[in-house]
Amino acid sequence: MTLNGPHIKTALPGPRAKALIERDQAVVSPSYTRGYPLAIARGEGAMVEDIDGNVFLDCAAGIAVNSTGHSHPDVVRAITSQAQKFLHMSGTDFYYEPQVRLAEELSAVAPIPGGSRSFFGNSGTEAIEACLKLSRYATGRQNLIAFLGGFHGRSMGSLALTASKVGQRRGFGPLLPGVYHAPYPDCYRCPVGLNAENCAAECLEYIDQQLFVHLVSPDEVAAIVVEPIQGEGGYVVAPDQFMRRLRELTAKHGILLVDDEVQSGMGRSGKMFAIEYAGVEPDMIAIAKGIASGLPLGVATARKDLMAWPPGSHASTFGGNPLSCAAAIETMRLLKTRLVANAADVGAYLKNALLAIAEKHRLIGDVRGRGLMIGVELVRDRQTKERAPEERDAVVSASFARGLLLLGAGRNAIRFSPPLVLTREQADIAARIFDEALVEVEAKRSTPH
Ligand code: PLP
């Protein structure tokens with residue numbers, strides 16, 4: 001049965017979802033960040049049905065993962081066909097074609113000069129861990145630089161880079177030593193005003209004239225790790241000139257540039273990798289989320305001469321398992337033939353719709369993003385840019401109640417990260433529901449209590 005909608009027919013959560021959530025609370029880790037009570041039964045393209053029969057338009061995509069939509073028939077076919085041959089053999093000890101083929105495909109599309117070699121893990125954080133270890137190994141240097149607001153994962157090495165929300169770090173220290181953080185060029189909030197050139201210069205100057213002068217010698221820095229578009233941090237786009245100058249600065253000091261495209265990569269930005277907008281060639285790219293349409297896969301793909309570590313230095317039993325590789329090969333085919341272009345086209349269309357909505361709503365301070373990676377920042381006051389975290393949560397909940405799945409990002413932004421199969425008609429529906437949710441929240445906020 002085809003899922004049309006959205007269509008909400010029970011109170012939310014419905015009776016079945018309520019019962020499931022009670023069971024979950026008894027036995028599942030409470031550390032997960034469930035913003036609203038969605039319990040999925042099935043999905044199809046950009047639509048999701050919950051276990052009570054409510055139908056939602058999905059602009060969250062399992063945190064920007066279901067790139068080809070839910071259960072794309074070609075991806076399911078590729079997984080099924082591989083499952084009938086073998087499920088596991090461990091690429092750590094043996095060879096299988098899907099893993100080699102995927103590495104070849106990545107080498108062909110990654111903006112890394114001379115092609116790349118790939119290391120396979122199961123998640124974004126493992127992709128980052130691999131980049132960290134390889135950076136240290138290849139340079140013989142220990143220190144690392146990342147950016148405030150950045151999110152790179154939650155295992156102990158990645159967590160040391162992560163500087164998004166303090167609750168993600170609280171109680172887990174001490175973390176990896178030798179990690180320094182610099183401000184990220186968030187032009188909307190930059191103290192030097194809404195000017196990409198100045199904003200880029202301000203952040204780079206901090207690295208060059210503060211960190212390198214007072215805290216760490218550049219010849220002891222192994223890598224700078226950067227998201228070209230901060231994901232968890234609020235869908236903040238770094239200006240292209242920032243990325244270009246960061247590349248110049250790293251090259252000058254023999255520092256590796258690690259491009260974290262776990263969220264922005266694999267077509268989401270409207271290009272295969274978001275760093276391509278700036279024309280910058282990094283030394284390594286961390287990839288995960290969208291690469292295998294929902295199956296677990298994390299990849300560190302790096303310059304061939306850098307990925308020259310010896311047998312045994314890094315490996316993973318499950319990393320790059322055959323099912324995930326088969327799903328990724330098919331995902332990449334769909335991305336190249338249609339979906340990267342669709343992300344650019346429908347993404348621009350949706351962003352324009354959201355910009356038009358912003359004209360009507362005082363709660364919206366900023367609309368930004370590339371492709372189908374669009375952030376809307378909510379503020380209490382457009383002049384002071386006072387953040388509106390509670391209103392943000394209320395808009396996400398009001399959207400859910402109307403059948404639109406969204407996620408928050410950063411302190412007070414909302415992210416639109418739908419499957420890359422989203423159509424213009426679905427973008428219209430998303431914009432309409434979002435508009436209604438804003439009207440509801442604004443009306444409540446202006447009603448005296
Ligand atoms: N890097 C970025 C940019 C991410 O957005 C994330 C996850 O949100 C990660 C790394 C960590 O990925 P995972 O949750 O798969 O470990």
Side-chain angles (χ1 to χ4, degrees), residues 29 31-35 60-67 119-133 135 144-165 167-169 172 175-176 179 181 184 186 223-238 243 257-269 273-275 282 284-301 316 318-321 324 327-328 331 369-375 406-410 413-417:
S29 168
S31 61
Y32 300 142
T33 50
R34 277 81 171 257
I63 327 185
V65 168
N66 300 304
S67 46
F119 172 88
F120 295 100
N122 305 286
S123 61
T125 201
E126 285 173 83
I128 290 291
E129 294 287 343
C131 289
L132 298 188
K133 287 178 72 176
S135 297
L144 299 155
I145 295 174
F147 292 89
L148 294 173
F151 186 88
H152 303 284
R154 300 173 191 263
S155 51
M156 291 304 264
S158 309
L159 186 59
L161 299 177
T162 289
S164 177
K165 298 191 181 91
Q168 293 154 352
R169 296 164 68 100
F172 299 119
L175 302 174
L176 193 70
V179 176
H181 287 95
Y184 190 79
D186 177 350
I224 297 186
V225 185
V226 65
E227 294 163 272
I229 304 175
Q230 275 190 344
E232 169 67 21
Y235 277 28
V236 183
V237 183
M243 296 303 297
L257 184 64
V258 176
D259 174 23
D260 183 347
E261 299 247 12
V262 166
Q263 191 150 173
S264 58
M266 305 318 290
R268 175 150 300 282
S269 73
F273 295 100
I275 202 166
M284 292 181 208
I285 308 178
I287 305 166
K289 293 195 184 283
I291 186 171
S293 292
L295 264 61
L297 183 62
V299 189
T301 200
S316 156
F318 290 117
N321 82 77
S324 296
T331 299
R370 279 174 161 157
L372 283 170
M373 187 167 186
I374 305 171
L406 293 170
L407 283 175
I414 290 173
R415 62 183 120 180
F416 285 76
S417 58

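When a ligand or atom number is given, it counts from 1 through the structure's own listing order. Just so you know, residue 1 is the first one in the sequence shown, and it goes up from there.
Atom 9 (C) of ligand 1 has its closest protein heavy atom at V262 CG1, 3.7 Å. Counting only heavy atoms of the protein, atom 5 (O) of ligand 1 lies nearest to Q263 NE2, 2.8 Å. If you check which protein heavy atom lies closest to atom 2 (C) of ligand 1, you get F151 O, 3.2 Å.
With distances taken over non-hydrogen atoms, the option nearest atom 15 (O) of ligand 1 out of S158, S164, G124 is G124.
Counting heavy atoms from C-beta on, the side chains of S158 and F151 never come closer than 4.5 Å. Inter-residue side-chain proximity for Y184 and Q230 is flagged as met; some heavy-atom pair is nearer than 4.5 Å.
Residue I63 places every heavy atom at 4.0 Å or more from ligand 1. For the pair G231 and ligand 1, no heavy-atom separation below 4.0 Å is found. Residue-ligand proximity: E126 is placed with every non-hydrogen atom at 4.0 Å or more from ligand 1. Residue contact annotation: H152 has a non-hydrogen atom under 4.0 Å from ligand 1.
Of the N or O atoms in K289, one or more lie within a sub-3.5 Å distance of an N or O in ligand 1.
Taking the charged nitrogens against the carboxylate oxygens, K165 and E232 do have a contact shorter than 4.0 Å, which makes a salt bridge.
Close approach of ligand 1 to S123 is summarised as follows: ligand atoms under 4.0 Å from at least one heavy atom of the residue are 15 (O), 16 (O). The E227 neighbourhood of ligand 1 comprises atoms 3 (C), with distances under 4.0 Å to a heavy atom of that residue. The ligand atoms of ligand 1 that sit less than 4.0 angstrom from a heavy atom of T125 are 11 (C), 12 (O), 13 (P), 16 (O). Short contacts between ligand 1 and D260, defined as distances under 4.0 Å to a heavy atom of the residue, involve ligand atoms 1 (N), 2 (C), 3 (C), 10 (C).
Side chains of T162 and Q168: no donor on one and acceptor on the other come within 3.5 Å. Between E126 and S155, the side chains place no donor N or O within less than 3.5 Å of an acceptor N or O (distance only, hydrogens not considered). Between the side chains of S269 and S264, not a single donor N or O lies within less than 3.5 Å of an accepting N or O.
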Worked verdict on H181 versus I145 for side chain to side chain contact (heavy atoms under 4.5 Å, CB included): CA-CA 6 Å; H181 287 95; I145 295 174; over 6 Å; no
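Checking each of L148, V237, V236 against D186 for a side-chain contact (heavy atoms from CB on, under 4.5 Å) leaves exactly one that passes, namely V236.
At a heavy-atom distance under 4.0 Å, no atom of R154 approaches ligand 1.
Annotation for L407 and A60: closest pair CG-CB, 3.8 Å, computed over non-hydrogen atoms.
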